Amino acid sequence: MTTTITSRRGPARGSGNGTGRGSGRGTGPAPDRKNWGSTALAILFLAIMLFPVYWMVNASLQPNGTTLETSWLPLKPDFTGYATAISEQGGNLGTSLVISLGSVALSLAIAAPAAYALAYFKVRGASIVLFAILISQMIPGIVVANALYTAYNDLGLLNSIPGLILADSAHGIPFAILIIRAFMNGMPASVIEAARVDGAGHIRAFWSIVLPLSRNSLITAGLFTFLFAWSDFLFALTLTTTEAVRPVTLGIFQYIGAYVNDWSSVMATAVLASIPAIILLVAAQKYIAAGTTGGAVK
Amino acid sequence: MSLTTDLPQSTPPNGKPGPGKAGAKPGPGRAGSGDGAGDAVPSPRRRSRQRRERLFQWLFLVPAVVYMALFFGYPVVKNVVMSFQDYTTATFFTGEAPWVGLANYVTVLSSSLFSTSLLNTALFTVGSILGQFVIGLALAIFFQRKFPLNGILRSLLLLPWLLPLIVSSAVWRWILDKDSGALNRFLGDFGIVDTGVPWLTSTSLALIAVVGVNIWIGIPFNLTILYGGLQEIPDELYEAGSLDGATGWKAFRHITWPMLRPVVSVVLVLGVVYTLKVLDIILGLTNGGPANSTQTIATQSYALSFQEFKFGEGAALGNILVIISLVFAVLYLRASRRAVDE
């Protein structure tokens, strides 16, 4: 799947950029005139789609306790919502951060060697592993949580950060394997063979040749794995029973589970919980593009 | 030819013909080709090296296989076993889970709530997919135009998809609030409604509202994948088509749609499989209420296991969801095979 998507993209792009668009421009009425009308329309779409995000930020800046009328603009920004959010949810944000970073480390440590093996060695059963990864995406999280709860209960992993890191990686590992493998498939085998001829062992060739060359796919996989673990709600909800370990998603759920009379701090927490997604979108554009294409396979 | 000593390492260990190695047969015949020092000595050494090689290759895969077995394989098996047991809170203390055969399935399927959840799941899935797909496709086609800021605007549209689902739920809870939510105030300001519409608290509106929010979340994914699919259709086809008078709707009907079909089937089937599993949005927005009007099979399975602590029944319902997903998984694999073929 992955390979077909990427390989089909190559030639199609090329022809589009070359002959197609070139001739279109030549025959078009005014090649340099900018189509600002369409831009305006696109901005209108974007405004509608992103209104909830604006509303979240706007509501987070309203004075505390006003449920009656939220003004359309945060003319007098008030940061008490944030103060409450940080004092009440700051620890949960830290928990989420630790879990997400742990999940990135675990996912990459497991996924990168596996992707290498699937891309390079014709190991017996490789196709079975790939098939299992695809099928695993069809398994509802609640089924996994149901069985994990009992196992975690026996193993003493409930309410623990390692337990959540392990469980949350279930979102990221299959995805990371597919993304990294797709990239490694496109890497020339001669590079690795040359390294092997030079006497490098498997582990050294992997560590000092393959991994540095796969940097971009590792970053893409890492960013998405972070986001998956950060956004996880189901495992946080089912695999914790006390307040000891509480990711921020669960903190927000607890906020909105009861009657809410202080929306500004709920929205302030929501804004803080959105920061990773926003950073990703702004700072890591090209990695996101790579990840969403891979998302078709996920 | 001195390279031959290294070649076996890069060839498949299981005897499948590797590229460029078609001539070399696995087995004793190969031993004599390289270093002719002695025919008897290298053969066992090579074999052990080959075995070590195979072991090394497997070592790279072992952690992933173990993880997948523990976090996907085990839960599925365990869930099947649990669904035939009377697995409750007591089990955690006594360690006993009596075998009850199909009793859990009978209880779950005969419950009046099952038909409600099944219908809600179907409506939620069909409504969400339809909305996401139609709006996503329309936007994807729109963004085929060339205009300034196209790329930036398109990528900013991804934001709803990247936000944690529980964050989106919280924001929409506030927007859809009956008394002071932004939507009702907006509608009120334009005189469309007089009193606050109880979007999330009315049994007749809650499911519609939840579907609407899920459409909002899913549009970016559909847009991105469909946009990629559209980009891959060669411009030459449209040029040739326009010579034959195929423009506008005709071009869409006879060029775009047939060419986009493989991508469309992948998007739709993936959408269905993901929507069936959705839990976060519904729990965050309505918690399955009011009066179970937004209860789906997934949320119902959660409630049985983790609120009523009837793990056996929750497992049974979860398995029914797996079976429904598997039907679509088969469709997905057929669709992606078609995509590979084309």
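Each chain gets a letter, A, B and so on, in the order its sequence line appears, and its residues count up from 1. From a predicted model like this one, the values you see are computed outputs, not experimental measurements.
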Note to self: For the residue pair B:R173 and A:W263, would you count it as a cation-pi contact if the rule is NZ or CZ under 6.0 angstrom from the ring centre and within 45 degrees of the ring axis?
What the structure shows: no

Turns out that what part of A:L148 lies under 4.5 Å from chain B's heavy atoms comes down to side chain

- request: Would you check if the distance from the ring center of A:F45 to the ring center of B:F142 is below 6.0 Å?
  value: yes

Whatever's closer than 4.5 Å to a heavy atom in chain B on A:L250 counts as neither

Of the listed B:V77, B:L317, B:L139, the one with the largest count of heavy-atom pairs under 4.5 Å with chain A is B:L139

Interface check, chain B: of A:S136, A:A115, A:A145, most non-hydrogen pairs under 4.5 Å belong to A:S136

Counting heavy-atom pairs under 4.5 Å with chain A, the top scorer among B:L149, B:L153, B:L59, B:V76 is B:L153

Honestly, the part of A:Y255 sitting under 4.5 Å from a heavy atom of chain B is neither

Turns out that what part of A:V129 lies under 4.5 Å from chain B's heavy atoms comes down to side chain

Bottom line for A:I256: the part with an atom under 4.5 Å from chain B's heavy atoms is both

One option among B:L279, B:L321, B:L156 has the most heavy-atom pairs under 4.5 Å with chain A, and it is B:L156

Cut-off 4.5 Å, heavy atoms of chain B, and the answer for A:T269 is neither

Okay, A:I133 and chain B: the region with an atom under 4.5 Å from a heavy atom over there is both

- Item | Side-chain donor-acceptor pair present, A:N35, A:S38, cut-off under 3.5 Å | yes

Paired with B:F221, the side-chain contact (heavy atoms from CB on, under 4.5 Å) test is passed by just one of B:I225, B:T224, B:I217, B:L223, namely B:I225

Across all chains, not counting sequence neighbours, the side-chain contact (heavy atoms from CB on, under 4.5 Å) partners of B:P75 are A:V144, A:A147

Under 4.5 Å to a heavy atom of chain A? For B:V171 that would be both

Those residues at least two apart in sequence (or on a different chain) that pass ring pair (Phe, Tyr, Trp, His ring centres under 6.0 Å) with B:F71 are B:Y67

